[in-house]
Amino acid sequence: MSTHNTTTTTHVTTVRELKVQGVNRTIPYRLVGSYEYGKCLESFMQLIKISTLDELPVYDTILNDRPEFTYFNGVSSAFNNFPNLAKADEITRTKFCDEYQKKGLRWMIALARIELGSTMSMYGESKTPFESVAKTNYDMEATMQVLSDDVTAHMKSLALEEGFKKVIKRGRDIDTWTIAYLRRLKLIRDMLSTLGRFGDNTVKAKLGPYDKELAKYENRLMDEIERQTQPKTFMQNNVTNRQTQTRARRISNKEITDCENVVSKPSTPSQPFDGPGGRPSDNNGSGGVAR
Amino acid sequence: MIKKCLSIGLACCFLAVPSCLSYGKTQGKSDSQPAQEELTKELLKGVAERAGEGKKTADDWKVAAFNKLPRAVRLICRKQLVPALESESGIPLLNAVQSLVLKHPPATVAAVEDYCRSIGHGVLSERVSAEIINLINQRAPVQTKTWKPIFTQYIAAGLIESINSEMSDLNKHQLMQDPLELPADWREADQLFWEVHVWKNRFLNLDQVVRATNGLNQQLLDAAKKAEDENLVGEITKRMMIGIAVREKFEEMLQREAELRLVALSKAEEILRKKTSFKDRLNAAFALELHAGELTQFFQAHKPEELKREKLKDPTIIDQGKQLVASGREHGKDVIEKALLLRVGAHWWLRGRYGSSSLAHGLLKPESAVQNQDVMFGLFMPKKRPKAIGDVDSETGKLSPGYDRRHYFTWAVERRDAFLDQSSYDGPSNSQTQTVGTASDRFY
């Protein structure tokens, strides 16, 4: 167990080092939502601080008047029976809205926290990204509910994605997808860790065991990156076959930094992800969510 | 009337050019008429074959259409145009079409246009014009000065259409109708001021397009001067006054807005003075601060005696406004800070939820954002009030904002460009308003 923990720590550190080495360190600041949700939370936190308990529900009534401040939770249920609202009848639609529609100040804060925390998790260096933006009791329950649903959606999606299965295959050349999936695994594990600390026991019992499994995949990807990016010694080069040498040349450190730096360049999907259902970003980026 | 002048003016400035400058889309079409007919026949034959066999895929169909093209056209399409059409950035397309129009005869251009249409990319000239407007709105460096008149002529129609369409939309808006009245309901008034806010940003973008259009007119003017055609010089100069017409319309809109804001300011002060419910006081306090800020800006830029609206001409209007603000602030001092924090926070939330930028399918801001506050702030925002996801927009039939959570996308942000077809997220679509570097930093 302790060995496992040590290995994980080393690998997470390496992930961080990779991010630090990446040329383009501006991405977390440039992602739409980081700045905006940060400013939003700044205002809302101050508002909660100066408001009385009687005043908080009044804010909800103002916000509830406006449909754009509503969103839907229950994304993970999309994998089972998410209705097609465009074609749904009024009863189904109303039922769905009653069940999943979230509005009001605490739910808005919850969404902002999770979006900002996710960016910090994937691109930042904080060990506890969600906790650093989830400190008030006012929205804690809502935040945990959304977080629980979001992490379930990520995990269900991951289980369905052919692309992920291909990425974690041993011996596969590393590419932008490797880095992207590492990032996603870290996000999911950070979410699980937050739920483990603040979520209710049912959630903990349900999702907790998956962390080990995810850590295994994370380690495997890190092993692959380390193996493929390690500089070869003269002797090693002499004993390896020609094919391995070619791959070692092809997969260089430069390529990893390039992976972080290809954002604005149009590119074609890499071969392993072609085919129906195989793309990691099918439909809406969360895998098989049927919308 | 202004609208008519504007449309006629713009139309003329591009249509009446010396013969030496005319690219002649019409001419190009007539030259290539037999070729086009033949192509159409072949394409139809391809459709019939496809229907008959029931086995050919859309890709087969595209390949078949492609193979029918002349070799030179195939080369242009394969190496330049199709990759540019599929690129997210507009610059490659602009360069590719410019090169096409300048280097090839009209018949070839027409054949390429037909091919693009056949593979679902629409009318090429309109697409290029739209991309130019997009680039202008993003404040991307569009070097219009280096364009040849023949290319200018090619894209003119799309630019004219864009300006006309915006002016026509504004003329239909509630704000531009008489009698000018503030809606009695808070939500309706709120909606109206939101739309005015959006319109101000749209005008900033329109102004840029007009400037670029005038720049293009300048080219035609220079060419006319070179040709020593004095009549044409006079005519084009006259048409370059189009910018003034657009600015006059913008000015009219600003004055109407100020008039409405004065009414709303008075109403907000009254609510705060009468000590109504906490909710009403919150709304009133926010309205008071919002309108006070907007009116201060307006009267800093305008003197009452120069204004056209009767109600704004009153020389004491500024003092009246100041008194209302002072009184409102005095009576509402317990709610003003809370109202501002609530609405400002909500507005930032809205930007985070619905905003999109120009890279990675709208998920990522340009590199310069980290150094330039304007770029960091600027986002494409919906023109209409967005609805929550789960609700389908009756006009577009799409969910809004198109994704559930940003983090479902951002884990692989560098690959989003590659999945334009697969992602349900629209990115910067036609329903955009605020753009990089132009957005007003005022809320509403």
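In what follows, chains are A, B, ... by sequence order, proteins preceding strands, each numbered from 1.
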task: Taking the side chain as every heavy atom from C-beta outward, state whether A/Val32 and B/Leu379 have any pair of such atoms under 4.5 Å apart.
output: yes
message: Between B/Arg353 and A/Phe69, is there a side-chain heavy-atom distance shorter than 4.5 Å?
response: no
message: Any non-hydrogen side-chain atom of A/His154 less than 4.5 Å from a side-chain atom of B/Trp411?
response: yes
task: Find the distance between NZ (B/Lys338) and CG (A/Leu56) and round it off to the nearest 0.5 Å.
output: 9.5 Å
query: Is there side-chain contact between B/Trp349 and A/Glu36, with at least one heavy-atom pair below 4.5 Å?
result: no
query: Which residues satisfy the side chain to side chain contact (heavy atoms under 4.5 Å, CB included) test with A/Arg106, sequence neighbours excluded?
result: A/Tyr138, A/Asp139, A/Ala142
- request: Answer yes or no: is there an ion pair linking B/Lys279 with A/Asp65, defined by an N-O contact shorter than 4.0 Å?
  value: yes
message: For the OG1 atom of B/Thr410 and the CE atom of A/Met122, what is their distance to the nearest 0.5 Å?
response: 3.0 Å
- prompt: How long is the span from the CD atom in B/Glu337 to the OG atom in A/Ser51, to the nearest 0.5 Å?
  reply: 9.0 Å
query: Among all residues two or more places apart in sequence or in another chain, which pass the salt bridge (charged side-chain N to carboxylate O under 4.0 Å, His left out) test with B/Arg329?
result: B/Glu289
task: Would you check if the side chain of B/Tyr354 reaches a backbone N or O of A/Glu68 as a donor-acceptor pair within less than 3.5 Å?
output: yes
message: Any carboxylate oxygen within less than 4.0 angstrom of a Lys/Arg side-chain nitrogen, looking at A/Glu115 and B/Arg405?
response: no
message: Using side-chain heavy atoms (C-beta onward) and a distance below 4.5 Å, is B/Arg406 in contact with A/Thr119?
response: no
field: CG on A/Leu105 to CG on B/Leu342, rounded to 0.5 Å
entry: 7.0 Å
query: Can you check whether B/Tyr408 reaches A/Asp150 side chain to side chain, under 4.5 Å on heavy atoms?
result: yes
task: Answer yes or no: does atom CD1 of A/Ile50 have more than 12 heavy-atom neighbours from other residues, nucleotides or ligands under 6.0 Å?
output: yes
- prompt: Is chain B contacted by the side chain of A/Leu31, its backbone, both, or neither, given a heavy-atom distance below 4.5 Å?
  reply: both
query: Just how far is it from atom CD of B/Glu367 to atom CZ of A/Arg30, taken to the nearest 0.5 Å?
result: 4.0 Å
- prompt: Picking from A/Thr61, A/Leu63, A/Ile109, which has the most non-hydrogen pairs under 4.5 angstrom with chain B?
  reply: A/Thr61
- request: Taking the side chain as every heavy atom from C-beta outward, state whether A/Tyr35 and B/Gln373 have any pair of such atoms under 4.5 Å apart.
  value: yes
query: Of all the residues in residues 38-47 of chain A, which have a heavy atom that comes within less than 4.5 Å of a heavy atom in chain B?
result: A/Lys39, A/Cys40, A/Ser43, A/Phe44, A/Gln46, A/Leu47
query: Relative to chain B, which segment of A/Leu187 carries a heavy atom at a distance below 4.5 Å: side chain, backbone, both, or neither?
result: side chain
side-chain hydrogen bond (donor to acceptor under 3.5 Å, both in side chains) partners of B/Lys267, counting only residues at least two apart: none
query: Which distance, rounded to the nearest 0.5 Å, do you find between the CD1 of A/Ile62 and the CG of B/Asn283?
result: 4.5 Å
